[in-house]
Amino acid sequence: EHLLSLAYEMGETVNLATLDGNEVVYLMGYSGDRLLTAQTSVGLRLPAHCMGLGKCLLAGVGDETAQRLLGPGPYERRTRNTKVTWKQIREELARVRRDGFAVSEEEFEVGLVSIAVPLADVGNRGPLAINVTLPAFRATASERARLVDRLRKTAALIETSLRLAA
């Protein structure tokens with residue numbers, strides 16, 4: 001219900017995902033009501049190194065485990081913005097840990113921005129993160145700040161729900 005509420009409020013696609021090896025696996029998602037919106041489906045698997053969700057999840061497992069999961073590189077280049085070396089990824093993961101959220105700046109697909117925040121590991125469910133995906137032209141500085149704030153609030157609501165269910 002919290003993800004659905006966020007999708008409705010933001011008008012953008014929101015997802016809940018986990019990490020399986022070097023891939024992000026989508027567990028739940030809702031599309032916003034805008035005509036131009038990202039489409040995802042439950043079970044979708046995408047490369048973690050170039051996704052906001054992936055960077056968020058990799059940051060949570062630590063550098064040693066993240067490098068083991070991703071391998072030595074170079075990693076698949078999806079766009080000119082894709083980080084393809086371990087050094088670049090490690091710098092991104094440090095930024096995610098410092099800021100508490102991850103951003104994919106047209107790294108997976110040109111024109112697509114993803115902002116993700118982690119969920120606390122409640123009840124040993126493994127790493128989870130949520131994101132909002134939107135077209136780059138709508139990802140203004142003020143909109144990004146608003147999305148990070150709403151993602152953090154939604155993450156807290158989901159964590160509370162998971163604690164109550166555990």
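As the structure is a computational prediction, the values presented were derived from the model and not from experiment.
The side chain to side chain contact (heavy atoms under 4.5 Å, CB included) search around Val42 returns none, not counting sequence neighbours. Partners of Asp20 according to the salt bridge (Lys or Arg N to Asp or Glu O under 4.0 Å) rule, which considers only residues two or more places apart in sequence or in another chain, are Arg45. Judged as a side chain to side chain contact (heavy atoms under 4.5 Å, CB included), and not counting sequence neighbours, the contacts of Leu44 are Tyr26, Thr40, Ser41, Leu46. Shown here are the ring pair (Phe, Tyr, Trp, His ring centres under 6.0 Å) partners of Tyr30, two or more places apart in sequence or in another chain: there are none. Taking the salt bridge (Lys or Arg N to Asp or Glu O under 4.0 Å) definition, one finds that Arg68 meets it with nothing, sequence neighbours left out. Looking at residues two or more places apart in sequence or on another chain, you find a side chain to side chain contact (heavy atoms under 4.5 Å, CB included) between Glu143 and Leu134, Thr140, Arg146, Leu147. Checked against side chain to side chain donor-acceptor pair (under 3.5 Å), Glu91 has no partners two or more places apart in sequence or in another chain. A search for side chain to side chain contact (heavy atoms under 4.5 Å, CB included) contacts involving Ala136 returns Glu106, Val113, not counting sequence neighbours. A search for salt bridge (Lys or Arg N to Asp or Glu O under 4.0 Å) contacts involving Arg90 returns nothing, not counting sequence neighbours.
Val148 approaches Ile115 most closely through the heavy-atom pair CG2-CG2, 3.7 Å. For Asn131 against Ala116, the heavy-atom pair with the smallest separation is CB-CB, 3.8 Å. Closest approach of Ala17 and Val24 over heavy atoms only: CB-CG1, 3.6 Å. A pairwise comparison of heavy atoms in Ala102 and Lys55 identifies CB-CB, 4.1 Å as the closest pair. Between Val103 and Glu105, the shortest heavy-atom contact is CG1-OE2, 3.4 Å. The two residues Leu19 and Ala48 have their closest heavy-atom pair at CD1-CB, 3.9 Å.
For residues 81-102, the set of pairs meeting the ring-ring contact (aromatic ring centres under 6.0 Å, His included) definition, not counting sequence neighbours, is empty.
Ser31 contributes atom OG, which lies 8.0 Å from atom CG of Asn15 (distance to the nearest 0.5 angstrom). The CZ atom of Arg152 sits 12.0 Å away from atom OG1 of Thr154, with the distance rounded to the nearest 0.5 Å. Here CE of Met10 is found 13.5 Å from OG1 of Thr133. Values are rounded to the nearest 0.5 Å. Atom CG in Leu69 sits 11.0 Å away from atom CD in Glu23 (nearest 0.5 Å). One distance of note links CG of Leu93 with NZ of Lys83; it measures 11.0 Å at 0.5 Å rounding. With values rounded to the nearest 0.5 angstrom, Leu128 atom CG is found 9.0 Å from Ile158 atom CD1.
For Arg98, the CZ atom counts as densely surrounded, since its 6.0 Å shell holds more than 12 non-hydrogen atoms of other residues, nucleotides or ligands.
When side chains are defined from C-beta on, Leu119 counts as touching Leu16, because their heavy atoms get closer than 4.5 Å. Counting heavy atoms from C-beta on, the side chains of Ser114 and Glu107 never come closer than 4.5 Å. Side chains of Leu6 and Leu151 form a contact here, defined as non-hydrogen atoms less than 4.5 Å apart.
Put simply, Val132 and Leu3 are part of the same group of oily side chains (I, L, V, M, F, W, Y) that touch within less than 4.5 Å, one to the next. A continuous path of ILVMFWY side-chain contacts below 4.5 Å connects Leu4 to Met28, so both sit in one hydrophobic cluster. Criterion: ILVMFWY side-chain heavy atoms under 4.5 Å apart, direct or through other members. Under it, Val117 and Val14 are part of a common hydrophobic cluster.
In terms of modelled atom types and a separation under 3.5 Å, the side chain of Ser104 and the main chain of Cys50 share a donor-acceptor contact. Between the side chain of Thr18 and the backbone N or O of Pro127, at least one donor-acceptor pair lies under 3.5 Å. With hydrogens and angles ignored, the 3.5 Å screen pairs no side-chain donor or acceptor of Glu9 with any backbone N or O of Ser5.
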Identify every side-chain donor-acceptor pair in residues 57-64 under 3.5 Å, counting partners at least two apart or on other chains, and give the distances.
{"from": "Asp63", "atom 1": "OD1", "to": "Arg97", "atom 2": "NH1", "distance (Å)": "3.2"}
{"from": "Asp63", "atom 1": "OD1", "to": "Arg97", "atom 2": "NH2", "distance (Å)": "2.8"}

Exercise answer: donor-acceptor pairs, residues 70-78 side-chain atoms, under 3.5 Å, sequence neighbours excluded:
{"from": "Tyr75", "atom 1": "OH", "to": "Gly71", "atom 2": "O", "distance (Å)": "2.6"}
{"from": "Arg77", "atom 1": "NH1", "to": "Thr82", "atom 2": "O", "distance (Å)": "3.3"}

